[in-house]
Amino acid sequence: MRIVAAALLSASHTLKLQDSNGKASTFFWKRGEWFNISEEIAYNINGVSNSHMKKFHVFSNGSLLIRNIAITDEGSYHCRIVSDHTECHGSVTVYLKASTSNSLPYIDRCSPNKGCTIYEELSSTIFLTCKANQVTSDMSLKWFKDSTEITDIAAKGEDKNAMNETIISSTIKIKYGEPQFLTCQASSMKMETAFAHVQLQSEPVHGTSTGIIVFTVVLGVTCAILLGFLLYTFVKQNRDKKTKPDSERPDGETTLFLNEETGPIKEDVDKLKKEISAEQKRTQELRDELSAERAKRLKDEEHKEKLVKVLSAERAKRSMEEKIKEELKETLQKTETDLRVCVFLKRKIYILHCVQRN
């Protein structure tokens, strides 16, 4: 038995089942990490399908249909096949990747999925709401003024649309005092980042010539395009830095990644720099100690060589002395023998002389 996943993920998704014997009549589908502790979601017995949730349906050939597929449908699926002569089961894991076409953010006072220019009176209070379909559970919305994140959010919320899809929203409160370029960002780990833009401008004065109005509009659009391009370049560079492998970085380069939610924390950076400086100082001290130890060892080796030479000379001297002593000993022994012979001869001569005299 083999389970294969369909190539396309759309509103519905089918997990096709291929049974080698083709005689199975009962199919049970379960969902969970492990087969034995997973939850049964649907089954088909003798061609009759039944399911515990409406979004699942089991065909007579054992294939499982998942309707209105969502990110929560990711995970492992297990199928148990029961036939007249055997029983077996198999598993398949479903992975989903969200499409940005269904989750593009939009600003309530602009057309959906498009940027716009809003004209306001000076010192007026403005509420702007950004919305997007929450296609992933970790999807979030952020507001930026130029390239600086706006952390003072007036309200956040969730709602359901007519298709029972979750809509998330983020509202900011602005007191208009000068032209501003605002950006709403929708981001998630499982989708590409998407943006919506709005340009705030002062209301045109009645009676102004058409040329000035056109010039103002063109200038605003140009600034919006330029700022959008700068923001895109800034985000792309940060993304490239995060994904750049260590092997491609120059030697000695240190890159710090700070939390996007809180921004740079100067105290932590200063503390880290001090720790790095102390570590470098300690490393230099260790290097100096190692050099001194090497010099000491070299000096000890030279001293050992001198001692070896002295000992060798001393041994040669002792050997020569022993040899001389042996030669002296032999000479003394020979001299002693000669003396004894001489004494003996003298005694013999004396005795002979006495005999002759008598």
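Every value quoted in this text rests on a predicted model; they were computed, and no experiment measured them.
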| task | If the plane angle is over 60° it's perpendicular, under 30° parallel, otherwise tilted; pick one for F195 and H197. | result |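 F195 vs H197 ring planes: parallel.
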| query | Can you say whether the rings of H78 and F35 are parallel (under 30°), tilted (30 to 60°) or perpendicular (over 60°)? | reply | perpendicular
Look at the side-chain heavy atoms of Ile, Leu, Val, Met, Phe, Trp and Tyr, link any pair under 4.5 Å apart, and say whether [X] and [Y] land in one connected group.
X	Y	answer
L128	F181	no
I118	I150	yes
I172	F144	no

| said: Under the side chain to side chain contact (heavy atoms under 4.5 Å, CB included) test against F28, which residue among I81, I45, I41 passes? | reply: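 Exactly one pass, corresponding to I45.
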Is atom [atom1] of [X] surrounded by more than 12 heavy atoms (other residues, nucleotides or ligands) closer than 6.0 Å?
X	atom1	answer
K309	NZ	no
D288	CG	yes
K131	NZ	no
E40	CD	yes
E279	CD	no
E121	CD	no

| Criterion side chain to side chain contact (heavy atoms under 4.5 Å, CB included) on F229 and L227, from CA distance to verdict | CA-CA 5 Å; F229 175 77; L227 290 174; over 6 Å; no
On a heavy-atom basis, which atom in [X] and which in [Y] lie closest, and how many Å separate them?
X	Y	value
S170	I153	OG-CG2, 3.6 Å
L182	L200	CD1-CD1, 3.9 Å
G177	L122	O-CD2, 3.5 Å
V198	W143	CG1-CZ3, 4.5 Å

Rounded to the nearest 0.5 Å, what separates atom [atom1] in [X] from atom [atom2] in [Y]?
X	Y	atom1	atom2	value
Q199	Q180	CD	CD	9.0 Å
L65	K55	CG	NZ	10.5 Å
S91	W34	OG	CH2	10.0 Å

So [Y] and [X], do their side chains get closer than 4.5 Å, heavy atoms only?
X	Y	result
I167	K160	no
I126	K173	no
S49	H57	yes
V94	Y77	yes

| said: For a salt bridge (Lys or Arg N to Asp or Glu O under 4.0 Å) check, start with the C-alpha distance between E289 and K296, then their side-chain angles and the critical distance, and finish with the verdict. | reply: CA-CA 10 Å; E289 292 177 1; K296 182 179 178 182; over 6 Å; no
| field | K156 versus S169, side-chain donor and acceptor atoms under 3.5 Å | value | no
| Are side-chain N/O atoms of Y176 and S202 paired as donor and acceptor at under 3.5 Å? | yes
| request: Applying salt bridge (Lys or Arg N to Asp or Glu O under 4.0 Å), run through K30 and E39 and close with a yes or a no. | output: CA-CA 5 Å; K30 304 172 73 176; E39 175 190 9; over 6 Å; no
| Ion pair present between R282 and E285, side-chain N to carboxylate O less than 4.0 angstrom? | yes
| message | Walk me through whether E293 and R297 qualify under salt bridge (Lys or Arg N to Asp or Glu O under 4.0 Å). | response | CA-CA 6 Å; E293 184 67 22; R297 288 183 181 179; 3.7 Å; yes
